[in-house]
Amino acid sequence: MTPDHGVPDVGERGGGAVSGPIAIAMLALLAAIGLGIDGARAAQGLATADAVAEEAARAAGQALDLDALRRGSAEVDPAAAVTAAQDQLAAAGIEGTVTVLDPQRIRVRTSITRPTVLLGLLGRPEITSTGEADAVLVPVGVDGVPR
């Protein structure tokens, strides 16, 4: 600046200039933040998918076959178990499949797809998280001890 008028000299740089290394560091920092957000979203999706699968499997495991109970056997009613689990999935707004593996075992698999923040720029616009849970009936005697 010239001392008499406070006007910058023609050869002097104006404020706000960013050096090359700072620009590269800022891009790296933004990339790290974006990947961190996408990673957290993936982990959150995984936890949600597992939790919903567990709840749906529990609901299915409570749909007992009353005729089998009268005969002294703990078994699920396959149609009622699938319906109970699908109702739970629908209430959570999550897609999934329900399989009755045998009269005492139900498996629920869930899938959640969420958009990405930074990975979309790299060709991966979504992250899919899956969860799985089994409900296993454990017969309990009148004394409260599992048989």
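When reading the values below, keep in mind they use all heavy atoms of this one structure, side chains included, and skip hydrogens, waters and symmetry mates.
Contact record, A57 with A135: O-CB, 3.2 Å, taken as the closest heavy-atom pair. Residues A53 and G131 share a closest heavy-atom pair of CB-C, 4.2 Å. Summarising the geometry of A74 relative to L69, their closest heavy-atom pair is CA-CD2, 4.3 Å, with the distance given to 0.1 Å. Contact between A80 and A63 at its shortest, heavy atoms only, is C-CB, 3.6 Å. Smallest separation of non-hydrogen atoms from A56 and A85: O-CB, 3.5 Å. When all heavy atoms are compared, the tightest approach of L64 to G61 is CD2-O, 3.6 Å.
With sequence neighbours excluded, the residues satisfying side-chain hydrogen bond (donor to acceptor under 3.5 Å, both in side chains) with T113 are T128. Listed by chain and number, the residues in a salt bridge (charged side-chain N to carboxylate O under 4.0 Å, His left out) with R58 are E55 (sequence neighbours excluded). Every residue two or more places apart in sequence or in another chain was checked for a salt bridge (charged side-chain N to carboxylate O under 4.0 Å, His left out) with D50, and none qualifies. When the salt bridge (charged side-chain N to carboxylate O under 4.0 Å, His left out) test is applied to R109, the partners found at least two apart in sequence or on another chain are E132.
L66 and V82 fall within the same hydrophobic cluster, where Ile, Leu, Val, Met, Phe, Trp and Tyr residues are linked whenever their side-chain heavy atoms come under 4.5 Å apart, directly or through other members. Cluster annotation: I37 and L118 are assigned to distinct hydrophobic clusters (Ile/Leu/Val/Met/Phe/Trp/Tyr, side-chain heavy-atom contacts under 4.5 Å, transitive). When the side chains of ILVMFWY residues are joined at heavy-atom separations under 4.5 Å, either directly or via intervening members, V52 and I127 end up in two distinct hydrophobic clusters.
Taken to the nearest 0.5 Å, the CG atom of L89 stands 7.5 Å off from the CD1 atom of I94. Atoms CG and CD, from L137 and Q62 in turn, are 10.0 Å apart once rounded to the nearest 0.5 Å. Of the inter-residue distances, the one linking D134 atom CG with T99 atom OG1 reads 9.5 Å to the nearest 0.5 angstrom. Atoms CG and CG, from L119 and L35 in turn, are 5.5 Å apart once rounded to the nearest 0.5 Å.
Within the structure, side chain to side chain donor-acceptor pair (under 3.5 Å) pairs that include any residue of residues 69-79 comprise D67-R70, S73-E75 (at least two apart or interchain).
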Return a table of donor-acceptor pairs under 3.5 angstrom between the side chains of residues 40-47 and protein atoms on other chains or two or more places apart.
residue	atom	partner	partner atom	Å
R41	NE	P115	O	3.2
R41	NH2	P115	O	3.2
Q44	OE1	R114	NH1	3.3

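When atom types are taken as modelled, the side chain of T110 and the backbone of A49 share a donor-acceptor pair closer than 3.5 angstrom.
Contact of the I106 side chain with the L101 side chain is not registered, since no non-hydrogen atoms from C-beta on lie closer than 4.5 Å. Put simply, the side chain of V76 does not reach to within 4.5 Å of the side chain of D65, judged on heavy atoms. Between I112 and T48, some side-chain heavy-atom pair lies under the 4.5 Å cut-off.
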